[in-house]
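Below: the structure, in structure tokens.
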Amino acid sequence: MPKEYALIDCNNFYASCERAFRPDLRGRPLVVLSNNDGCIIARSNEVKDLGVGMGTPYFKCKAQLERHGIAVFSSNYALYGDLSARVMRVLTRFCPHVEIYSIDEAFVDLSGIPGGATQFARRLRATVEQWTSIPVSIGIGPTKTLAKLTNKFAKQQPRCHGVFNLNTSPDPDRVLRWTEIGDIWGIGPRHAKRLRKLGVNNAFDFRSLKQDWVKKKMTITGLQTLLELRGLPCHGLEAGPVSKKTIVSSRSFGHPVTSQEHLLEATAQYATRAAEKLRKQRSVASHILVFLQTNKFRLGQPQYSNTVSIPLIVSTAHTPTLIKAAQAGMTRIYREGYAYKKCGVMLSGLEASNGRWLSLLDIPPDAHSRHTPIMEAVDACNARWGRDTVKFAASGINGSWRMRREMRSPRYTTTWDELLGVQT
DNA sequence: TCTGGGGTCCTAGGACCC
DNA sequence: TCTGGGGTCCTAGGACCC
């Protein structure tokens, strides 16, 4: 019996979230923009049909969007994160094994489910939509790669009504022929271009290539994709949340930044965010990397970018220590006379905080563990009363470097002041 | 004027060691 | 005229994902 992996994928997730509390937007075209209102990162079906591409800079298509009366939103991650959690809660309630793969996707194992995977998936789809108002599509196949590709088929073929099972299909090869080479999970634009030149245009063509050739040209990961398309599972379901090996916090600035003072504020802010993520997964970091860069799209302007990695004497998750190290790094790479676009910090060398290596240097063993209670208290306050209830002065108050989000919808589900009002 | 953010894995090649 | 061989570790860069 083949496995029955299902991929549950929210349709146009961010766009669907914006519609969840705005029924007037159903059937109306809408887009969601990236941070700083820079690029299009989500489109409703109507906008996809107009040919507006994913990742298009907003300023390049603004006029077209206005002409067609398209609603435009800044990204509202508080809302998307909360609705995602609701969708995932429904899945974990009904499915035995769930792997949350991204904010809008989850794999589940439906092998041997009573009544059959297809019927189960249809009920699950209806329940998710009824309980969260988020529409999803479900693709089922013997491997994760085939479930992924079947999901796209289910989403785009109206006859499927959002659910398709490759395992019970009378003609599974039809789905593979339908899948363009660049739409296969694991085959990106570079490999797709090369394969097309060789006449390999869809998943069916790719599946018949020789293993040795694929491994040579596309490494072991390409070979795994090939085997998965042949129905041999190379990727299982992750058992639980996996700890990150690196943690990054970085942002483009709302406006170009020239002063060292503002860069140091931003650096402190990103170090604070990264440290929060670090503590959330109960890790400590042994290295902190800081980088900054000018705007690479401004070809006429002087360009400069640099990176510095700083080893920490003792692995830590203590925000003030990390801020200090990050700011020291930033001071080292800052050069006067440039208009900076972006900076950020990356934490690496992560280990579980309970199994930390002790430094051989002469540091009292409790030098950092004595900081643990205070950081726990800060995290608890911010969890209870909202982000930045307790913050570090080094981040400044209202620097012009903070990002722009001029068209953000209300945080309907996570902020009291922004709850949906109902008129009586 | 205006071009996102955060991750993973694999490989090649250099440094270094015996 | 001659200039070993093999192993490990680290880093940079490429490719991919959402």
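Side chains included, hydrogens not; waters and symmetry mates left out as well; all remaining heavy atoms used.
When the side-chain nitrogen and oxygen atoms of A:Arg404 are compared with OP1 and OP2 of B:dT1, none of them lie within a distance under 4.0 Å. Phosphate proximity of B:dG5 to A:Ser34: absent, as no side-chain N or O sits under 4.0 Å from OP1 or OP2. Of the side-chain N and O atoms in A:Thr219, none sit less than 4.0 angstrom from OP1 or OP2 of B:dC9. Side-chain nitrogen and oxygen atoms of A:Lys277 include at least one within less than 4.0 Å of the OP1 or OP2 phosphate oxygen of B:dG7. Applying the 4.0 Å criterion to OP1 and OP2 of B:dT1, one finds that A:Arg298 has every side-chain N and O outside that range.
Comparing A:Lys245 and A:Asn295 along DNA chain B, the residue whose closest nucleotide (by nearest heavy atom) sits nearer the 5' end is A:Asn295. Residue-to-nucleotide proximity on DNA chain B shows that, of A:Val248 and A:Phe297, the 5′-proximal contact is made by A:Phe297.
A:Asp109 and A:Ser111 are linked by a side-chain donor-acceptor pair at a separation below 3.5 angstrom, with hydrogens and angles left out of the test. Side chains of A:Ser74 and A:Asp37: a donor on one and an acceptor on the other come within 3.5 Å. Residues A:Gln303 and A:Thr294 bring a donor and an acceptor atom of their side chains to less than 3.5 Å of each other. For the residue pair A:Gln293/A:Tyr338, the side-chain donor-acceptor check at 3.5 Å is not satisfied.
Across the protein-nucleic acid pair, A:Asp37 atom CG and B:dC2 atom P stand 13 Å apart, rounded to whole Å. Distance, A:Met218 CE to C:dG14 P: 17 Å, rounded to whole Å. As rounded to whole Å, 18 Å separates atom C1' of B:dC2 from atom CZ of A:Arg405. Between the CG atom of A:Leu33 and the C1' atom of B:dG5 there is a distance of 15 Å, given to the nearest Å. If you take CZ of A:Arg43 and P of C:dC18, they are 13 Å apart, rounded to a whole angstrom. Remark: P of B:dC2 and OH of A:Tyr58 are 15 Å apart, rounded to the nearest angstrom. Summarising the geometry, the separation between CE on A:Met407 and C1' on B:dC2 is reported as 11 Å, rounded to the nearest angstrom. For A:Leu278 and B:dG7, the CG to C1' distance is 15 Å, given to the nearest whole Å.
Checked against C:dA15, B:dT3, B:dG6, the side chain of A:Ser249 finds its nearest nucleotide in B:dG6. Picking from B:dG6, C:dC16, B:dG4 the nucleotide with the shortest atom distance to the side chain of A:Arg251 gives B:dG6. When distances are taken from the side chain of A:Lys244 to each of C:dC18, B:dG7, B:dG4, the shortest belongs to B:dG7. Checking B:dT3, C:dC18, B:dG5 against the side-chain heavy atoms of A:Phe59 singles out B:dT3 as nearest. You'll find that the side chain of A:Thr246 is closest to B:dT8, out of B:dG5, B:dT8, C:dC18. Proximity note for A:Lys341 (side chain, C-beta onward) versus B:dC2, B:dG5, C:dC17: the nearest is B:dC2.
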Secondary-structure string, 5' to 3', Watson-Crick or G-U under 3.5 Å, | for another-strand partners, for DNA chain C: ....||||||||||||||

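Residue A:Ile247 is classed as a sugar-phosphate contact, given heavy-atom separations below 4.0 Å to backbone atoms only. If you check every strand for non-hydrogen atoms under 4.0 Å, A:Thr56 touches nothing. A:Ser75 comes within contact range of no nucleotide atom at all, as no heavy-atom separation falls under 4.0 Å. Among the atoms of the strands shown, none is found under 4.0 Å from any heavy atom of A:Arg273. The residue A:Ile187 sits close only to the backbone: its heavy atoms come under 4.0 Å of sugar-phosphate atoms, none of a base. Counting any heavy atom pair closer than 4.0 Å across all strands shown, A:Ile184 reaches sugar-phosphate atoms only and no base atom. A:Lys148 comes within contact range of the sugar-phosphate backbone alone, with a heavy-atom separation under 4.0 Å but no base atom that close. A:Lys342 comes within 4.0 angstrom of sugar-phosphate atoms only, judged by non-hydrogen atoms across all strands, and of no base.
Considering A:Lys210, A:Lys215, A:Met218, A:Gln211 as possible partners of A:Leu226, the one that fulfils the side chain to side chain contact (heavy atoms under 4.5 Å, CB included) test is A:Gln211. Each of A:Arg125, A:Lys155, A:Lys152 was compared with A:Asp9 under the salt bridge (charged side-chain N to carboxylate O under 4.0 Å, His left out) criterion, and only A:Lys155 meets it.
Under the ring-ring contact (aromatic ring centres under 6.0 Å, His included) criterion, A:Trp178 pairs with A:Phe153, not counting sequence neighbours. Under the salt bridge (charged side-chain N to carboxylate O under 4.0 Å, His left out) criterion, A:Arg404 pairs with no residue at all, not counting sequence neighbours.
Relative ring orientation between A:Tyr101 and A:Phe107 is described as perpendicular, the plane-to-plane angle rising above 60° on a 0-90° scale split at 30° and 60°.
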